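Order of the sequence lines fixes the chain letters, A, B, ..., with proteins taken first and strands second; residue numbering starts at 1 for each chain. The model shown is predicted, which means the values in this text are computed figures rather than measured ones.
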Amino acid sequence: MAADEPLVLGIETSCDETGVGIVHGTTLLADAVASSVDTHARFGGVVPEIASRAHLEAMVPTIERALKQAGVSARDLDGIAVTAGPGLAGALLVGVSAAKAYAYALGKPLYGVNHLASHICVDQLEHGRLPEPTMALLVSGGHSSLLLSSDITSDVRPMGATIDDAAGEAFDKIARVLDLGFPGGPVIDRLAKEGDPAAIAFPRGLTGAKDPAYDFSFSGLKTAVARWIEARRNAGEEVPVRDVAASFQEAVVDVLTRKAVRACKDEGVDHLMIGGGVAANSRLRALAEERCERAGIRLRVPRPGLCTDNGAMVAALGAEMVARGRAASDLELSADSSLPVTESHVPGAHAHAHDHDHVHEVSKENLYS
Amino acid sequence: MDTATPAVTVALHDGENVVAQSSQVDARRHGELLLPAVDRVLKEAGLALDKVTGLVVGVGPGPYTGLRVGLVTAATFASALGVPVHGLCTLDGLAYAAGLDEPFAVATDARRKEVYWARYENSRTRVSEASVDRPADIAERLAGLPVVGAGARLYPEAFPDAREPEHQSAAALAALAAEKLAAGAGAGTGDTETGAGTEAGTGGVVPGFLEPLPMYLRRPDAQVPKNYKVVTPK
Ligand SMILES: [Zn+2]
């Protein structure tokens with residue numbers, strides 16, 4: 001790693017993981033995560049107030065753990081990045097408040113960044129610099145989007161998104177119908193390996209000739225699977241859980257990969273990255289690999305630990321902001337639960353005229369070019 | 001600093017006097033307002049944050065979202081600067097600012113038609129745990145007592161003798177803390193003079209202070225879902 005690459009600490013609290021990561025350019029130095037997922041399990045989903053309380057408890061210890069892991073001093077950081085949105089408002093606010101306090105106390109520039117852009121940028125820590133442009137398929141319990149980016153710090157264009165449930169949500173709901181607990185993704189993935197993906201022909205949402213090419217819908221699939229299971233139960237028959245899991249999962253990943261590959265072809269993009277918690281799904285990875293290879297597209301999927309929400313992804317995007325000389329955020333930075341995906345970061349209101357005497361001056365040159 | 005009530009309030013105290021302070025009342029913008037307020041107060045005093053030798057934060061009780069802004073900010077400052085952070089009950093700040101030398105109560109807005117409240121023997125001595133209740137349910141118990149804070153103004157039928165101040169001020173909180181620190185450094189006692197309460201009894205908490213942890217007084221609204229909703233039409 002080059003000595004002049006930015007050293008950035010990133011904070012992520014948009015959902016139920018308190019994440020703090022530290023990167024040096026595209027090199028991962030620390031990835032500390034405290035999760036409150038177990039507390040939410042009995043509620044069958046993330047409870048915002050429980051998540052916010054857990055973030056407050058975990059925030060400072062997680063920052064300290066990350067610094068220790070990275071073996072760097074906070075004084076040496078070139079910037080503090082934080083997820084400004086989208087996400088749960090109260091949860092985001094804990095991270096944004098901590099990041100502002102930390103940046104202010106250390107005299108470092110602050111970068112409020114977009115959670116979705118971070119999910120894409122994290123791949124730099126695994127596979128080196130993102131090709132430009134890159135097509136990204138982001139799938140998790142909170143989002144399902146196809147995004148095209150020519151510069152992750154300034155140009156992220158939405159191609160399509162789910163019109164109802166997120167892909168991960170569908171996994172959670174079907175797991176619940178099958179009494180498999182929360183979260184549903186890992187357990188369905190595991191059971192599906194022993195089932196037949198062609199056993200039941202579940203519907204592929206929004207794949208008709210007149211449907212929007214890049215949007216997703218999982219609500220109809222969810223209902224179809226639940227009905228199928230209930231019909232079996234009502235008839236007093238045993239539910240073939242493994243076949244249901246495999247067939248449901250196949251319906252989800254078939255649509256996701258089909259549309260992602262089509263978007264790449266239509267836009268002439270030869271790189272596809274897949275991120276978000278559902279990117280940990282083994283069948284999604286396998287089918288994407290197969291279809292990308294056939295279409296001549298290079299597939300990039302970070303390791304599962306970097307696909308789920310974490311602080312390293314925020315730090316990775318923050319480092320890119322520093323490297324490309326993007327304007328820092330100001331102390332008024334607010335958490336924005338519906339921050340549009342097109343806003344990769346939240347520059348200060350007076351980004352040009354602002355008196356930055358309280359922050360370290362950082363190089364405005366593009367350190368990578 | 002204190003963000004447990006609609007007031008976003010910051011003050012700098014040098015052990016003898018309040019050097020600078022800022023108070024803004026805006027229940028919806030705690031996150032945006034706090035850091036600029038800290039910056040303003042320090043600039044007014046001509047000091048940088050790293051000259052601060054200790055932090056005091058109001059731990060509530062207060063509605064959750066705003067309360068956390070002050071607590072996480074104080075905790076992060078403390079970690080970055082390597083200085084201690086002391087918690088104080090937000091109601092104690094209001095009580096101290098009231099300056100009353102007679103029994104009274106403090107009540108703040110807990111939303112949902114409730115108040116956070118506590119009883120005081122005088123401005124420095126709380127004699128009940130902070131609680132959350134409907135005004136009508138405690139009106140009888142507090143009958144005849146002056147009531148300080150926004151809760152009194154919101155519910156005049158329950159609390160007819162409303163007194164100043166209406167809003168929390170970090171200046172009062174800091175002055176109270178300075179008193180406690182001076183007393184704690186001398187005697188090191190945790191007698192009733194230095195405040196009662198909910199101290200967890202863990203090491204490291206200076207007598208008279210609370211741990212800098214949130215006082216929510218309510219459980220999170222969360223329901224364990226019953227079975228999933230059956231989708232097959234009947
Ligand atoms: Zn995410």
Residue part contacting chain A, namely of [X], when any heavy atom lies under 4.5 Å:
X       : answer
B:Leu49 : side chain
B:Arg29 : neither
B:Leu67 : neither

Check your understanding: Measuring heavy-atom distances to chain B, does A:Val94 have an atom under 4.5 Å in its side chain, in its backbone, in both, or in neither?
Key -> both

**Study point:** Heavy-atom proximity to chain B below 4.5 Å, by part of A:Ala98
**Key:**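 Its backbone and side chain both get close to chain B.
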
Point to revise | A:Arg53 charged N/C atom sitting above B:Tyr216 aromatic ring, 6.0 Å / 45° | key: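 Yes, a cation-pi geometry holds between A:Arg53 and B:Tyr216.
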
Does some side-chain heavy atom of [Y] sit less than 4.5 Å from a side-chain heavy atom of [X]?
X        : Y        : answer
B:Tyr116 : B:Leu217 : yes
A:Leu191 : A:Val241 : yes
A:Cys15  : A:Glu17  : no

Check your understanding: With respect to chain A, which residue among B:Leu35, B:Val69, B:Val38, B:Val52 yields the maximal number of heavy-atom pairs within a distance under 4.5 Å?
Key ->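 Option with the greatest count: B:Leu35.
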
Review point. Under a 4.5 Å heavy-atom cutoff, which of A:Val47, A:Leu56, A:Val60 has the most pairs with chain B?
Key: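 Between A:Val47, A:Leu56, A:Val60, the count favours A:Leu56.
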
Study note, to complete from the structure: Pair count under 4.5 Å, heavy atoms only, with chain B: among A:Ala99, A:Ser52, A:Ala74, highest is A:Ser52

Point to revise | Partner set under side-chain contact (heavy atoms from CB on, under 4.5 Å) for A:Ala30, not counting sequence neighbours | key: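 Scan of A:Ala30 (side-chain contact (heavy atoms from CB on, under 4.5 Å), adjacent residues dropped) gives A:Ile22, A:Ala66, A:Gln69, A:Ala70.
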
Check your understanding: side-chain contact (heavy atoms from CB on, under 4.5 Å) with A:Ser334: which residues, sequence neighbours excluded?
Key ->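 Applying side-chain contact (heavy atoms from CB on, under 4.5 Å) to A:Ser334 gives B:Glu32.
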
